[in-house]
2 protein chains.
Amino acid sequence: MKENIDKQLQARNIKPTTMRQLVLQVLTVQKTAISLPELENKFEKADKATLYRTLKTFEENKLIHSIDDGTGSVKYALCREACECHPEDLHVHFSCTVCGQTYCLTDIPVPKIHLPAQFQLESVNMVVKGICSNCDK
Amino acid sequence: MKENIDKQLQARNIKPTTMRQLVLQVLTVQKTAISLPELENKFEKADKATLYRTLKTFEENKLIHSIDDGTGSVKYALCREACECHPEDLHVHFSCTVCGQTYCLTDIPVPKIHLPAQFQLESVNMVVKGICSNCDK
DNA sequence: ATAAACTTTGCAACCCGGTTGCAGGAACAT
DNA sequence: ATGTTCCTGCAACCGGGTTGCAAAGTTTAT
Ligand SMILES: [Mn+2]
Ligand SMILES: [Mn+2]
Ligand SMILES: [Zn+2]
Ligand SMILES: [Zn+2]
């Protein structure tokens with residue numbers, strides 16, 4: 001497992017420090033996207049700023065992507081191995097209004113949009129809000 | 001003009017106080033979506049809390065809709081006259097990474113998404129980021 | 001091996017958008 | 001006129017995010 005973690009980091013040109021290994025471990029176990037405050041709570045004693053910068057580093061190197069789900073805190077989730085976070089790589093996200101979980105709908109690509117003349121697309125954030133399958137029962 | 005402002009308020013069952021008339025006036029003139037801090041700056045001396053509650057009232061009564069464009073502050077824009085903010089009523093938004101303006105692309109409806117089983121849709125926030133026609137020159 | 005240079009971490013402080021409690025004032029109904 | 005409800009202004013607070021800085025750790029050059 002540790003092996004794998006380090007490989008992932010190296011594949012994205014991120015030096016495998018202890019802190020980064022731990023954070024990536026959490027992100028790997030995690031099934032839904034996680035916010036900075038939530039990440040903080042996963043550790044007994046961890047510094048917000050360090051975690052913050054760790055996430056920034058991960059994001060810059062496209063190990064993770066961020067989702068603004070409108071809940072007030074940005075969430076983060078692992079990218080697929082080959083992801084370069086280009087517009088074609090993007091998928092839809094789902095934010096549950098009951099449990100607050102945010103899901104990567106990796107099978108659902110963001111639909112192409114035909115923009116008005118002279119508008120240039122760089123990226124898209126598409127978040128569906130509703131009730132997730134866990135809360136639907 | 002004042003006439004019109006009051007009519008719009010009454011059409012949404014909002015009592016036309018001075019504050020509300022002024023805010024709606026600003027929102028009507030405004031061509032792009034506006035945030036609470038930006039709205040504050042449109043007035044010499046205005047109370048943030050009052051403006052905040054005014055926007056909330058407007059939103060609850062579907063006179064305006066909110067857009068979370070990921071810039072850190074929620075933006076607001078007028079709804080079309082008949083808008084009920086149902087999923088079918090929603091349109092795509094565009095946030096310019098150069099000038100920071102957020103546009104309502106009212107002609108571009110949010111594409112229908114086929115969610116996984118047991119996921120119930122309530123609403124959608126779709127924001128395209130890029131360079132707007134003004135900044136494209 | 002030692003020193004210099006660079007990177008990462010931890011702590012504290014700060015910024016800012018958003019939100020709430022409360023008291024005074026305006027509008028409305030009786 | 002009196003009571004009730006709604007609106008406004010002020011102040012304080014909250015929480016996520018961000019930064020400066022010095023200590024600790026790592027890498028590179030001598
Ligand atoms: Mn995702
Ligand atoms: Mn809009
Ligand atoms: Zn749920
Ligand atoms: Zn622009």
Side-chain angles (χ1 to χ4, degrees), chain A residues 5-6 9-10 12-26 33-61 63-77 95 100-102 125 127, chain B residues 5-6 9-10 12-27 32-61 63-77 95 100-102 125 127:
Chain A
I5 294 281
D6 282 12
L9 289 171
Q10 274 151 8
R12 296 290 187 173
N13 284 313
I14 302 165
K15 283 192 217 157
T17 67
T18 311
M19 208 58 238
R20 290 169 179 176
Q21 289 167 340
L22 290 171
V23 171
L24 180 50
Q25 184 65 49
V26 170
I34 191 174
S35 67
L36 173 55
E38 284 164 358
L39 184 60
E40 251 184 292
N41 294 333
K42 296 269 175 181
F43 296 94
E44 283 291 313
K45 167 199 156 299
D47 177 48
K48 196 172 50 153
T50 304
L51 294 174
Y52 169 75
R53 288 188 273 232
T54 301
L55 289 174
K56 283 284 166 200
T57 302
F58 284 7
E59 190 180 14
E60 275 162 24
N61 292 281
L63 179 59
I64 63 178
H65 59 280
S66 62
I67 308 118
D68 196 325
D69 60 10
T71 58
S73 59
V74 177
K75 304 273 171 70
Y76 299 88
S95 167
Q101 299 288 338
T102 294
N125 184 41
V127 178
Chain B
I5 294 280
D6 282 12
L9 288 171
Q10 273 150 10
R12 296 290 187 174
N13 284 311
I14 302 164
K15 282 192 215 155
T17 68
T18 311
M19 207 61 238
R20 290 169 179 175
Q21 289 167 340
L22 290 171
V23 171
L24 180 50
Q25 183 64 50
V26 170
L27 288 166
T32 50
I34 191 173
S35 67
L36 173 55
E38 284 163 359
L39 184 60
E40 250 184 294
N41 293 333
K42 296 269 177 182
F43 296 94
E44 284 290 313
K45 167 198 156 299
D47 178 47
K48 196 172 51 152
T50 304
L51 294 174
Y52 170 74
R53 289 188 272 233
T54 301
L55 289 173
K56 284 284 166 200
T57 302
F58 283 7
E59 190 180 13
E60 275 161 25
N61 292 281
L63 179 58
I64 64 177
H65 59 281
S66 62
I67 308 119
D68 196 325
D69 60 10
T71 57
S73 60
V74 178
K75 304 271 171 70
Y76 300 87
S95 166
Q101 299 288 338
T102 294
N125 184 40
V127 178

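Naming: A, B, ... by sequence-line order, numbering from 1 per chain. FYI, side chains are in, hydrogens and waters are out, and symmetry mates aren't considered; it's all heavy atoms of this structure. It should be emphasised that the depicted structure is a prediction, and the values quoted were computed from it without experimental measurement.
- Contact of the B/K48 side chain with the B/L51 side chain is not registered, since no non-hydrogen atoms from C-beta on lie closer than 4.5 Å.
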Contact letters for nucleotides 12-19 of chain D, in which S counts primed atoms plus P, OP1 and OP2 and B counts the base, heavy atoms under 4.0 Å = ----SBBB

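- Residues A/Q25 and A/I5 have side chains in contact (heavy-atom distance under 4.5 Å, counting atoms from C-beta outward).
- Residues A/D68 and A/V127 are not in side-chain contact: their nearest non-hydrogen atoms beyond the backbone lie 4.5 Å or more apart.
- Under the 3.5 Å distance criterion, the side-chain polar atoms of A/R12 are left unmatched by any main-chain donor or acceptor of A/F58.
- The C1' atoms of five pairs define one axis at each end of the helix from C/dA1-D/dT30 to C/dT30-D/dA1, and these two axes lie 10° apart (to 10°).
- Rounding to whole angstrom units, CG of residue A/D47 and P of D/dG20 are separated by 16 Å.
- Taken residue by residue, residues 14-24 of chain B places no heavy atom nearer than 4.0 Å to DNA chain C.
- For the pair B/K45 NZ and D/dT8 P, the computed distance is 12 Å after rounding to whole Å.
- Inter-residue side-chain proximity for B/V23 and B/L39 is flagged as met; some heavy-atom pair is nearer than 4.5 Å.
- Considering only residues two or more places apart in sequence or on other chains, A/A77 meets the side chain to side chain contact (heavy atoms under 4.5 Å, CB included) condition with A/A33, A/H65, A/I67, A/C104.
- With sequence neighbours excluded, the residues satisfying side chain to side chain contact (heavy atoms under 4.5 Å, CB included) with A/S35 are A/P37, A/E38, A/S73, A/K75.
- Between B/K42 and B/L22 the shortest side-chain heavy-atom distance does not fall below 4.5 Å.
- If you measure from atom CG of A/D68 to atom P of C/dG18, you get 12 Å, rounded to the nearest angstrom.
- Every residue two or more places apart in sequence or in another chain that forms a side chain to side chain contact (heavy atoms under 4.5 Å, CB included) with A/T50 is listed here: A/M19, A/D47, A/T54.
- Judged purely by atom type and a 3.5 angstrom limit, A/D69 uses its side chain to pair as donor or acceptor with the backbone of A/T71.
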